[in-house]
Structure formats: structure tokens, C-alpha cells
Amino acid sequence: MKLYNTMSRRLEEFTPAGDEVKIYVCGVTPYDRAHLGHAMSYIIFDIVRRYLEFHGFKVKHVQNYTDIDDRIISRANSLGQPFDQLAARYMEEFDEEIRELNITPAHVFPRATQEIPTIIEMIEGLVAKGNAYRANGDVYFRVRSKDDYGKLSGRDVDSMRAGARVEPGESKEDPADFALWKGAKEGEPWWESPWGPGRPGWHIECSAMSYRYLGETLDIHGGGQDLIFPHHENEIAQSESYTGTQPFVRYWLHNGWLTFGEEKMSKSLGNIIAIREGLDKYGADGLRLFVLTSHYRSPLSYSEEALESGKRAAERLRLAATLPGGNGPPADVSVESYRQRFVEAMDDDLNTPAALAALFDLARDVNRARDEGRGIGEAQGTLRELAGVLGLTLQEPEAAMGAAPFIDLVVQLRNDLREAKQFEQADRVRAGLAELGITLEDGPKGTRWRRG
RNA sequence: GGCGACGUAGCCAAGUGGUUAAGGCAGGGGUCUGCAAAACCCUGAUCGGGGGUUCGAAUCCCCCCGUCGCCUCCA
């Protein structure tokens, strides 16, 4: 299979370096609710993993939590609660959302605050090698000590200097240098270190955690495109300087943006839709379909219409895959050619829109065969299997299934009315259920109901 | 200013040199149904604009118009 490598800026045939594929995905900073942009990114990397496993690769997947950083501290302070309590709350929420989104959990979910020894060890190594220096209570990475700095994002240090940010009180040698360790200010959480009390800077935690759990070289490192610079650029600088091994990462994968209208969906623009809201409104499969109808490297724009479309499309696949077929001769559906289309599409840098198109065509074949009363078990099995590779559950939303016996009872009463030709009464029952979000379908084998 | 992405039917979105330009949603017509729903059948675009290369371009080159992202908050 081919993957687009941000480092080389082209498609490359993927082969892991060892027996298992080592994947590190940059996780969230739990300072607020996660939004659909995050969901998009983690759905995409879930597919990377599922598809690698589909191909028979053994995968080790690590996804971190950066549970200490400026935003967490400032939000916690403004809410008047301990930073770790705030982070814990959002990590819990995120875990639950991941579960509901049917995203395969990483094998390891390390947290920055629990990796302080590794982080300190790495910083010490960088200082010892001359890649980092202390300044007041801080430690900075010396960008000029790595001559290929900027190779991932296509920047050179000189052209960056103008825009580099220097906070008051910082004493960097070069404006482009970045913090590995930040000395604690009044009222900030801190850990003891050789440079005095402080906390890790942004970037170093990922280098430390990926090193600890996956080693010097990762097969795949992923995240949103906004992480290319500075985050991933800096990770490369730290990791390669520390280990002396190149490359730090063999394949860099970055997903495009979720936009809201014409703008990027982001906290700072205040145009976010929370994952929770999306799940409640469109369901896990609906959200996933929405994400997958676009290629992962392209920007995807949010709109209610597009999400609604995803929800309807998910329902179409679900019904095709689950409604029973007839007793007739097995359908004449060449599942192998569909499987081949699917694999070809996915092998081509995870072309999920094309892969989905194959699934929808297969669904049409299934439906057609069902209409003819033929056996469709095999075709449905293939549909379910391939949809599963994309992480679709094809399950009905689980909410409110406790009402099922009552709905069954009402449906039965309505059918009594229909048998008595009391259609007006029967239609009123149907309309009433529709108001409650229950759709009825009268078929030759009786009445079926579903949510939506 | 530097680097990058994008503009395909009402909406979302594949395709990047060569059969009739995928698929989804929405819409219209039909079949089925007591009526619906679901499903099935039929139905829509020459690819931002202009020029060029080529036997042949949505797909390559040039110019123009428009949109967006990154340049140390960010999946």
C-alpha cells in the first residue's frame, strides 16, 4: 500500500522496519471539550490502524495525552480548580467519546505528567550533547545545533527569525529556539529537576513518550496538518539529536482540516461543534461517513447538511447489510471484485471516498438481490466485513433501546387496526411514533421499526 | 513576504493524459404499498476563467480570478 509521506512530499510504498508497525499519534491536550476536528483526526488514524491490521500487519499504537501545558494551567486557574483535576475530567470525557466513536483504543495512552523522569533524562542528554542550554530556570533547544532543522516543514531558521516569538523574561540565544523545560512561575504546578522546579515544554513530551514506548525510530507518526510546524519539526530535532539515529519517523502522515464554512474549526475562532453534540445528533457511523467521504489529506468542511447526509448514508449501508434476504438461490454478486475495488482504493493512500463508493455499489447489489428474494448472506458478510475495516459499526444507535418492548406492543396494536381496515387510526399511531423518532416500515413479512 | 493546499452537478466529494467524469445527500418521474417508509428502475455536470502543448486534457504548461491553511495556541 502507498502512503503520502509529508517528509518526502510524495507517495511511498509502505513497509514497516520490523515485525510490528510502530505508530505514534499525537493526542489531545485535555483543557476543554474535544470537537469534531479532533474526531476527524482520530477517526482517520483509526482507519490507518485498522487497514494495516486488515493487511495482516501487527501494530503497536501509542497515543499520548499532553496533560500539562499553558492552556490547562490558565483554564484551571480561571475555574479555580487544580490543573490535574481539570485534565482528568477531559481525559475521561475523551476516552468515552473515543469508545462511542468506535475508535480502536491505542495500546498505550501515556500521559506527560507521568513521564517526567523520561522527559528529564532526555533533556539532560540534549544539554550534555550541546543541543540544549539552560537560561535562568528554563532549558531551550538550540535550533542551530541541528543543521537539517526545518526539513519536515520546509523552513530554514534564517527565514523564521522574524516571526519567532519571544516572551518577556525569556533569554533565548536565538528567537527560533524553543523551550524544553520551563521554570515554574508563581502558582504554577512544578516538578523537581536538575534545573530547578518546573515543567516540560510543549514538544518534548512526545519525543520522550514515543522513545520510551516505541524506540528510536517510528514507522508512522501522525497528527493534524497544523502540527507539522512547530510541533513535529521540533520533535524531530529533539529525538534525532538525542538518539543520534535517523530517521526519527519513517512515514509522516498528516490529515487536513475540518473547516466551518470557509474557516478552520478551532477553539480560538469559537466555531467548534463538540464531539458529544455530533454523536448525539448523527451517531458514530454518521460522523464517520461524513469524515470518510472526503480524502484524509483534503480539507473537509462542516455543514449540517453534510453531516445529515452522512447519517442517511450510514442508514443506507446499515439496512443493506442487516435486513434479511430471501430463501431463493444465492445472489449472483461477485463479492471478490468489490473486495478488490475496496483494497485498490485503500492501498492508494487510503482513498476512503473510492472505497466507500465500492461499498455503496455492493449495497445496491445486495438490495436488488433481496428484492428478488434471493439469498444474500455472503454479500452481506462482505459488506459488513469491509465496512468494519472502515470502523463502521452498522449498528443501530444504542440509545433508548429499553423502549423496544413498548414500541413492539404499539406496533402490534396498530397492525390490529390495519387488519380491521381502520387506516385512519393506524396512520395516527404511525405519525405519533414518527414524532418520537420511530419510523415504521410495513413489509410482506410484517412491520419493522427503527429509529430515525 | 516565505511555504503549502484548493476551486468538479443544488450540497458533500472521487478521478490527475485516452471507454459513457465514481459514490453519497437532496430533487424530479416510475414500480411496490391501503397510504407511507425502505428498496429498486429512470433522471442531472465537460470539470473557476483565458491561452498553450498534444492525435487526445478535468488531468501537463502559462496567465488571470477566487478561497483557505501554516510561519512557535491548535487534531
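Protein chains get the first letters and strands the later ones, always in sequence-line order, with residue 1 at the start of each.
Among the heavy atoms of the strands, none lies under 4.0 Å from A:R297. Heavy atoms of A:D69 sit nowhere under 4.0 angstrom from any nucleic acid atom. Within the nucleic acid shown, A:H295 comes within 4.0 Å of sugar-phosphate atoms alone, with no base atom in reach, counting heavy atoms only. The residue A:N367 sits close only to the backbone: its heavy atoms come under 4.0 Å of sugar-phosphate atoms, none of a base. Base contact: A:R414 has a heavy atom under 4.0 Å from a base atom. Nucleic acid contact class of A:G37 (heavy atoms, under 4.0 Å, all strands): base. Using a 4.0 Å heavy-atom cutoff across all strands shown, A:L258 reaches at least one base atom of the nucleic acid. Within the nucleic acid shown, A:T352 has no heavy atom closer than 4.0 Å to any nucleic acid atom. Within the 4.0 angstrom heavy-atom criterion, only backbone atoms of the sugar-phosphate kind lie near A:Y42; the bases stay farther away. Heavy atoms of A:G27 sit under 4.0 angstrom from primed sugar atoms or phosphate atoms, though from no base atom.
Minimum heavy-atom separation, A:I407 to A:I438: CD1-CD1, 3.7 Å.
When rounded to the nearest whole Å, the span between NZ of A:K182 and C1' of B:rU72 equals 10 Å. Residue A:L440 contributes atom CG, which lies 14 Å from atom C1' of B:rU33 at whole-angstrom precision.
Here salt bridge (Lys or Arg N to Asp or Glu O under 4.0 Å) pairs that include residues 317-339 of chain A, with residues two or more places apart or in two chains, are A:E315-A:R318, A:R318-A:E396, A:E336-A:R339, A:R339-A:E385.
Of the candidates B:rA75, B:rC3, B:rC12, B:rC3 carries the atom nearest the A:R9 side chain, counting heavy atoms from C-beta on.
The base of B:rG2 lies outside donor-acceptor range of the side chain of A:D156, with no N or O pair under 3.5 Å. The base of B:rC35 is paired with the side chain of A:R430 by a donor and an acceptor separated by under 3.5 Å. Evaluation of atom-type donor-acceptor distances gives no pair under 3.5 Å for the side chain of A:K264 against the base of B:rC68. Under 3.5 Å, the side chain of A:D371 and the base of B:rC32 form no donor-acceptor pair of N or O atoms.
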Can you check nucleotides 44-46 of chain B for protein contacts, nitrogen or oxygen pairs under 3.5 Å, and list what you find?
none

Please write out each protein N/O paired with an N/O of nucleotides 20-25 of chain B under 3.5 Å, distance rounded to 0.1 Å.
from	atom 1	to	atom 2	distance (Å)
B:rG24	OP1	A:R364	NH2	3.3
B:rC25	O4'	A:S309	OG	3.0

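For the OP1/OP2 pair of B:rU72 and a distance below 4.0 Å, the side-chain nitrogens and oxygens of A:N234 include no atom meeting the criterion.
Under the ring-ring contact (aromatic ring centres under 6.0 Å, His included) rule, A:F178 has a single partner from A:F141, A:Y140, A:W202, which is A:F141.
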